[in-house]
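Heads up: the structure comes next, in structure tokens.
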Amino acid sequence: MKIVERRQSGYLMECGCARGGQFVQHRPALASECPKCGKIGLMTPLVTEWMMARDSVKLDAAD
């Protein structure tokens, strides 16, 4: 599971399960559950990973 982007309505999430697709996590929560397969991802590591990936893209662009 990963965060694709931050939107006004919440986080656009992608699970990567066999059923595929994306969904929006509308409100802040400790965890996010895929509505298709039920897999749960903790938001703290997901947000950390997303922020680090986003910041590394900004750093690469500055070089």
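The hydrophobic cluster analysis finds Ile40 isolated: no Ile, Leu, Val, Met, Phe, Trp or Tyr side chain comes under 4.5 Å of it, directly or through other members. Other members of the hydrophobic cluster containing Val4, listed by chain and number, are Leu12, Val24; membership follows side-chain contacts under 4.5 Å among ILVMFWY residues, whether direct or relayed.
Linking Ile, Leu, Val, Met, Phe, Trp and Tyr residues whenever their side-chain heavy atoms come within less than 4.5 Å leaves Leu42 and Val47 in two separate clusters.
The shortest side-chain heavy-atom distance between Lys2 and Met13 does not fall under the 4.5 Å cut-off.
Every residue was checked against the ring-ring contact (aromatic ring centres under 6.0 Å, His included) condition with Phe23, not counting sequence neighbours, and none meets it. In this view, Glu49 satisfies the side-chain hydrogen bond (donor to acceptor under 3.5 Å, both in side chains) rule with no residue, not counting sequence neighbours. Applying the salt bridge (Lys or Arg N to Asp or Glu O under 4.0 Å) criterion to Arg7, with sequence neighbours excluded, gives Glu5.
Atoms CG and CD, on Leu46 and Glu14 in that order, are 12.0 Å from each other to the nearest 0.5 Å.
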Please table the atom pairs, donor to acceptor, closer than 3.5 Å between any side-chain atom in residues 28-39 and protein atoms at least two apart or in another chain.
residue	atom	partner	partner atom	Å
Ser32	OG	Gln25	OE1	2.8
Lys36	NZ	Gly20	O	3.0

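Within the structure, the ring-ring contact (aromatic ring centres under 6.0 Å, His included) test picks out the following pairs touching residues 31-52 (sequence neighbours left out): Tyr11-Trp50.
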